[in-house]
Chemist: 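Input: one structure, supplied below.
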Amino acid sequence: MLRMSSLFLRTLRDDPSDAAVASHKLLVRAGYIRPIAAGIFSWLPLGVIALRNVERVIRKEMDRAGFQEVHFPALLPKDPYEKTNRWEEYGPALFRLQDRKGSDYLLGPTHEEMFTLMVKGEYSSYKDLPLSIYQIQTKYRDEARPRSGIIRGREFVMKDSYSFDVDDEGLEISYQKHREAYVSTFNRLGLKFNIVSAMSGAMGGSKSEEFLAPCSTGEDTYVLCPKCGYAANVEAMTTKVEAKDFGNPPAMEILDTPDTPTIDSLVEVMNSKYAANVTGADTLKNVLLIADGQPISVLVPGDREVDLKRLEANLPGVQELRLFEDADFAKRPELVKGYVGPQDAKKFGLKLYADPRVQVGSHWITGANQKNKHMRYVTHGRDFTVDGFIEVAEVREGDACPSCATAVVIDRAIEIGHIFQLGRKYAQALDLTVLDKEGKARVVTMGSYGIGVSRAVAAIAEQSHDEIGLVWPEEIAPAKVHIVATGKEDLPFATAEKFAQQLEETGISVMLDDRKDASPGVKFKDAELIGNPYIVIVGKGLQDGKVELRVRKSGEKSELPVGDLISHLTKLIG
RNA sequence: CGGGGCGUAGCGUAGUGGCUAGCGCGCCUGCUUUGGGAGCAGGAGACCGUGGGUUCGAAUCCCUCCGCCCCGACCA
């Protein structure tokens, strides 16, 4: 039982000045967490209870799915991470340190290597697989920009699982099992979420999905179809293009278009000078970039911007991507800034990619590769060909859903889980093999699956609060029932105490506000701020043999005869 | 890493060159009060982020560093 008279808790009347999002403000105000450094927090008793409650739900679901819990240190030697090249690859986000002898260590940002080695140390036969193991552990990532309280911290609690299978079919089954376990976990946590595909098919074999909890302060943007439920990361959204007959356009024609380096200015001149009656969508934008040192050109309709994130996600194998700068144009005088067209791309040695909207047969108004000149009727397939279609244009609200063509909406969310078919990358690098039936060594295939545990606390707070405080689901709340004793007589306190005892005996956790020196107003405000699901007020109603029950979420209030309270609550609480 | 903002008591803040750094919340003591963050009286609590400089005089102006927040880049 949590007694407010002695609970290590101090609620704050004002929002902390450095908090911007609701979960951060409320968790600090209600005394769940305190800031220590950027992206690093300590947890007070109420916070620890809520966090443990989230962990408990996750453990139950993991165990129910047959996954086994293990535990690794956070402090890890460099060697395994050297073998997979992540000591380098992880870059500045990795917390590195040395021991007294000067040996390199790191604080684990994620544990693929360690899990792989653990299995390698114990198992060596196909008969031992499949296997799924997990841990709940503190992770460290030196984020470039921690933000939003515990939504993106540098130290955070994560549940990470890894599956081990002999073959791809096995991996698929393990992956689906995790997917189902995640669905029931997040349901029990009371989170609204969407599962979105995180990688496009163009990336190749690895499959990955994210669990996103919609909320306005989330940092992920995703696409949702209101009709069929299609959901995807903006990077993974695919473009639906209707096949069209463009007829037989006239031959390319060169036009004088002085002073038209932008799409807007071009459309203006086309319409005023040539009465062409066109919009930006009739023009073709040629965006020049440097991909790993090589110049590439990307074609999108003039009314669309290039989304660099989408381009990068869909350009396999490219490490470094940036837009052409003035220095690049200076080196390539044949590429005239503002007047570039695809018809000379081959001659210029440019790799050419097109948004799917730039279909074969379509014709466009585009740059003539001469200053102050454009061309029209530049036709895909006749006047230029591309090296490939690629998802590169910005995604907009109202774009067609790839599966049912309904207008999609764009929404924000917090990523609360990510499941991933890793394949053999880590097993290969660390030489995790098992012998198959024929006695031949086979590299194991793996999946990795993560849930942000501390982040889930924030996500629940984000999705479930109001102006006056937190509103926890039963499974997560520090206590199921918050009993407030008011007045200065002894009777309400004694009665409240009795209720609390009885409820605890039936397994219902209670927070009892037995403070003698606090006014009723203070107790009510605190109860609402802290956010336990049921609030019982034992006070002046006692004269008539009544107590008051309030449901935090709905705000619903009712008076109950003293004798009915316990049975009523046991019925309400599952 | 680029751009912006901020650092004054546990929290929220006032103070833009001048005397003992002010207020609210919280905290302590006493009295009073107990169904919506009560009242009165008294009190404790601040190297004004750090280091340097300008000045007769600096929380206040200038520089360094540190820290925090926001936007962006980044985010297995």
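Convention: sequence-line order gives letters A, B, ...; per-chain numbering from 1.
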Chemist: Looking only at atom C1', what distance separates B/rA59 and B/rC71, rounded to whole Å?
Modeler: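 Between the two C1' atoms, the distance is 29 Å.
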Chemist: Can you check the distance between B/rC63 and B/rG26, where both ends of the measurement are the C1' atom (answer in whole Å)?
Modeler: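 To the nearest whole Å, 38 Å.
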Chemist: A/S148 near the nucleic acid: base, sugar-phosphate alone, or nothing, with a heavy-atom cut-off under 4.0 Å?
Modeler: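 Sugar-phosphate, no base atom in range.
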Chemist: Let's see if you can work this out: which of B/rG35, B/rU34, B/rC25 has an atom nearest to the side-chain heavy atoms of A/K488?
Modeler: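 That would be B/rU34.
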Chemist: Got a salt bridge between A/E394 and A/R310, using NZ or NE/NH1/NH2 to carboxylate O under 4.0 Å?
Modeler: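 No, no charged N to carboxylate O under 4.0 Å.
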Chemist: Base, sugar-phosphate, or nothing: which does A/R10 touch, judged by heavy atoms less than 4.0 Å apart?
Modeler: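 It contacts sugar-phosphate atoms only.
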Chemist: Taking any heavy-atom pair under 4.0 Å as a contact, classify A/L422: base, sugar-phosphate, or nothing.
Modeler: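 The answer is nothing, as A/L422 stays clear of every strand by at least 4.0 Å.
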Chemist: Between B/rA46 and B/rC1, how far is it from one C1' atom to the other, in whole Å?
Modeler: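 Those two atoms are separated by 36 Å.
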Chemist: For A/K309, report the nucleic acid contact type (base, sugar-phosphate, nothing); a contact means any heavy atom under 4.0 Å.
Modeler: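 Since a base atom lies under 4.0 Å of A/K309, the category is base.
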Chemist: Please classify the nucleic acid contact of A/S17 as base, sugar-phosphate, or nothing, using heavy-atom distances under 4.0 Å.
Modeler: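 The residue A/S17 makes sugar-phosphate contact but no base contact.
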Chemist: In whole angstroms, how far is the P atom of B/rA73 from the CD atom of A/E312?
Modeler: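 Computing the A/E312:CD to B/rA73:P distance gives 11 Å.
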Chemist: Using the C1' atoms only, state how far B/rU54 lies from B/rC70, rounded to an integer number of Å.
Modeler: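 To the nearest whole Å, 33 Å.
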Chemist: When you compare B/rU8 with B/rG24, how far apart are their C1' atoms, in angstrom units rounded to a whole number?
Modeler: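 Nearest-Å result for B/rU8 against B/rG24 at atom C1': 15 Å.
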Chemist: Could a donor-acceptor pair under 3.5 angstrom be found where the side chain of A/D15 meets the base of B/rG12?
Modeler: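 Check fails, no donor-acceptor contact within cut-off.
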Chemist: Under 4.0 Å between any heavy atoms, over every strand shown, what does A/A37 touch: base, sugar-phosphate, or nothing? Just pick one.
Modeler: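 Answer is sugar-phosphate: A/A37 comes under 4.0 Å of backbone atoms only.
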Chemist: Using a strict threshold of under 4.0 Å (side-chain N to carboxylate O), is an ion pair present between A/R552 and A/D466?
Modeler: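 So A/D466 pairs with A/R552 through a salt bridge.
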Chemist: What is the distance, to the nearest angstrom, from the CE atom on A/M4 to the P atom on B/rG37?
Modeler: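 Taking CE of A/M4 and P of B/rG37, I get 16 Å after rounding.
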Chemist: With P as the reference atom in both, quote the distance from B/rG57 to B/rA44 in angstrom, rounded to an integer.
Modeler: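 Rounded to whole Å, the distance is 31 Å.
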Chemist: Base, sugar-phosphate, or nothing for A/K425, non-hydrogen atoms under 4.0 angstrom?
Modeler: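 If one applies the 4.0 Å heavy-atom cut-off, A/K425 turns out to touch nothing in the nucleic acid.
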Chemist: Rounded to the nearest Å, what distance is computed from the CG atom of residue A/L44 to the P atom of nucleotide B/rC11?
Modeler: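 Between P of B/rC11 and CG of A/L44: 13 Å.
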Chemist: Assess whether one donor atom and one acceptor atom, taken from the side chain of A/R29 and the base of B/rG10, lie less than 3.5 Å apart.
Modeler: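 No.
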Chemist: Return whichever of A/R86 or A/T11 has its heavy-atom-nearest nucleotide of RNA chain B closer to the 5' end.
Modeler: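 The answer here is A/T11.
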Chemist: Look at the rings of A/Y140 and A/F95 and say which category their plane angle falls in: under 30° parallel, 30 to 60° tilted, over 60° perpendicular.
Modeler: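 Perpendicular.
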Chemist: Which one is paired to B/rU55, where only Watson-Crick or G-U wobble pairs with both distances under 3.5 angstrom count?
Modeler: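 By the stated definition (distances under 3.5 Å), nothing pairs with B/rU55.
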Chemist: With a 3.5 Å cut-off and just heavy-atom distances, do the side chain of A/R152 and the base of B/rC75 make a donor-acceptor pair?
Modeler: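 Answer is yes: a donor-acceptor pair is held.
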Chemist: Look at the side chain of A/D14 and decide which nucleotide, out of B/rG12, B/rA76, B/rG37, has an atom nearest to it.
Modeler: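 Among the listed nucleotides, the one closest to the side chain of A/D14 is B/rG12.
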Chemist: Tell me if the CG atom of A/D490 is crowded by more than 12 foreign heavy atoms within 6.0 Å.
Modeler: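 Count not over threshold, so no.
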Chemist: For B/rG51 versus B/rG67, give the span between their P atoms, rounded off to a whole number of Å.
Modeler: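 B/rG51 and B/rG67 have their P atoms separated by 16 Å.
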Chemist: What is the distance from CD1 of A/I530 to P of B/rG37, rounded to the nearest Å?
Modeler: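 Interatomic distance, CD1 of A/I530 to P of B/rG37: 17 Å.
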Chemist: Starting the side chain at C-beta, find the nucleotide from B/rG37, B/rU34, B/rC70 nearest to A/P520.
Modeler: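 For A/P520, the side-chain atoms sit closest to B/rU34.
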Chemist: Parallel, tilted or perpendicular for A/F115 and A/Y162, by the 30°/60° rule?
Modeler: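 Geometry flag for A/Y162 against A/F115: tilted rings.
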Chemist: So A/P16, base contact, sugar-phosphate only, or nothing? Heavy-atom distance under 4.0 Å.
Modeler: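 Here A/P16 touches the backbone only, sparing every base.
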Chemist: Roughly how far apart, to the nearest Å, are B/rG2 and B/rC65 at atom P?
Modeler: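 B/rG2 and B/rC65 have their P atoms separated by 12 Å.
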Chemist: Salt-bridge test for A/R13 and A/D526: reply yes if a basic N is under 4.0 Å from a carboxylate O, no otherwise.
Modeler: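 No, this pair does not count.
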Chemist: Quick one: on RNA chain B, does A/V538 or A/E219 contact a more 5' nucleotide (nearest heavy atom)?
Modeler: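 Result of the comparison: A/V538.
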Chemist: Students often mix this up, so state it plainly: with edges at 30° and 60°, are the rings of A/H178 and A/Y449 parallel, tilted or perpendicular?
Modeler: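 Taking A/Y449 first and then A/H178, their aromatic rings lie parallel (interplane angle under 30°).
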Chemist: When the distance from CZ of A/R147 to C1' of B/rC75 is rounded to whole Å, what number comes out?
Modeler: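 A/R147 atom CZ is separated from B/rC75 atom C1' by 8 Å.
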Chemist: I'd like to check A/L189 versus A/T185 (side-chain heavy atoms, cut-off strictly below 4.5 Å). Are they in contact?
Modeler: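 SC-SC contact between A/L189 and A/T185 confirmed.
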Chemist: Roughly how many Å is it from CZ in A/R310 to C1' in B/rA73, rounded to a whole number?
Modeler: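 For the pair A/R310 CZ and B/rA73 C1', the rounded distance is 19 Å.
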Chemist: What is the distance, rounded to the nearest whole Å, between atom CG of A/L94 and atom C1' of B/rC75?
Modeler: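 Taking atom C1' of B/rC75 as the reference, CG of A/L94 is at 14 Å.
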Chemist: Would you mind reading off the distance between A/L12 atom CG and B/rG10 atom P, rounded to a whole angstrom?
Modeler: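 Rounding to the nearest Å, CG of A/L12 and P of B/rG10 are 13 Å apart.
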Chemist: Report which part of the nucleic acid A/E528 touches: base, sugar-phosphate, or nothing (heavy-atom distance under 4.0 Å, all strands).
Modeler: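 A/E528: base contact, heavy atoms under 4.0 Å.
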